[in-house]
Amino acid sequence: MTPEDSCIFCRIVQRKAPASIIYEDEKAMVFLDIRPLNQEHALVIPKEHYETIFDIPEDVNAHLHRIVKKTAVALRAAAAADGITIIQQNGRAAGQEVFHLHVHVVPRYEGQKLPHFRDIPNVSREQLEQAAEKIRQHFKI
Ligand code: 5GP
Ligand code: ZN
């Protein structure tokens, strides 16, 4: 079995698994996290399967981070966030659970403490779609 068959993020890229997609181009995709730290918590991924920062080619990583910035700008506007946290975990020891490189972009609010990733329940597709639609309106390429 290739990573493309077994990896949940590859399956989202191939439209074999559902996701609330905000943006995509040839090399990158942005969609909402199914267990969000805040409602508009987005994941930015390369479409190609690279496990970690140690595997991704420089040019793809540069493009990915261009899209990370655009995502941060869109989220700040759509979620009226006071701040934006950007997290990227590499390896089990760093807390990585999905081994297809991804950058978390999370809206933050004054005084709000975040729960641990593993304590968050899945949210409904309807809620994700509502948040995604709001963000799409603010996403400028
Ligand atoms: P990591 O701990 O690897 O940095 O984060 C993996 C993230 O992927 C978690 O925040 C988790 O909620 C999210 N995730 C896992 N499976 C799915 C899925 O099927 N769809 C979406 N949209 N997010 C997922
Ligand atoms: Zn993958």
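Worth saying up front: this structure is predicted, and the values here are computed from it rather than measured. Both counts, for ligands and for their atoms, begin at 1 and track the order of listing. Because only heavy atoms are used, hydrogens play no part in the values below, and waters and symmetry mates are left out as well, while side chains stay in.
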| remark: If we number the atoms of ligand 1 from 1 as shown, the ones under 4.0 Å from a heavy atom of Phe31 are 22 (N)
| field | Phe117 neighbourhood, listing ligand 1 atoms whose heavy-atom distance to it stays under 4.0 Å | value |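 Counting atoms of ligand 1 from 1, those under 4.0 Å from Phe117 are 10 (O).
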| task | Test ring-ring contact (aromatic ring centres under 6.0 Å, His included) on His104 and Phe117 and set out the steps. | result | CA-CA 11 Å; His104 297 261; Phe117 276 112; 4.8 Å; yes
For [X] and ligand 1, does the shortest N/O to N/O distance drop below 3.5 Å?
X	result
Gln96	no
Gln89	yes
Val98	yes
Leu32	yes

Which is it for [X] and ligand 1 at heavy atoms under 4.0 Å: side chain, backbone, both or neither?
X	value
Gln88	neither
Ile8	side chain
Arg35	both
Phe99	neither

Please check if the side chain of [X] supplies one atom and the backbone of [Y] the other of a donor-acceptor pair under 3.5 Å.
X	Y	value
Asn90	Thr52	no
Asp33	Ala42	no
Gln96	Val98	yes
Asn38	His41	no
Glu24	Met29	no
Glu110	Gly83	no
Lys47	Asp25	yes

| task | Examine ligand 1 and decide if any of its atoms is less than 4.0 Å from a heavy atom belonging to Gly95. | result |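 Gly95: in contact with ligand 1 (<4.0 Å).
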| His104 to ligand 1, any heavy atom closer than 4.0 Å |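 Yes.
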Identity and separation of the nearest protein heavy atom to [atom]:
atom	value
atom 5 (O) of ligand 1	His102 NE2, 3.1 Å
atom 10 (O) of ligand 1	Asp33 OD2, 2.5 Å
atom 3 (O) of ligand 1	Glu97 N, 2.6 Å
atom 8 (O) of ligand 1	Phe9 CZ, 3.6 Å
atom 14 (N) of ligand 1	Ile34 CG2, 4.1 Å

| message | Measuring centre to centre across the rings, with the benzene-like ring taken for any Trp, is Tyr50 within less than 6.0 Å of His100? | response | no
| request: Could you tell me whether the side chains of Glu126 and Gln130 share a donor-acceptor contact shorter than 3.5 Å? | output: no
| task | Have a look at the Zn ion (ligand 2) and estimate, to 10 degrees, the angle subtended by ND1 (His100) and SG (Cys10). | result |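 Once rounded, the angle between the two atoms at the Zn ion (ligand 2) is 110°.
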| field | At the Zn ion (ligand 2): angle between Cys7 atom SG and His49 atom ND1, to 10 degrees | value |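 Result: 110°, to 10°.
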| query | Does a sphere of radius 6.0 Å around CZ in Arg66 hold more than 12 heavy atoms from other residues, nucleotides or ligands, not counting ones at 6.0 Å or beyond? | reply | no
| request: May I ask you to decide whether Glu40 forms a salt bridge with Lys134, counting only side-chain N to carboxylate O separations under 4.0 Å? | output: yes
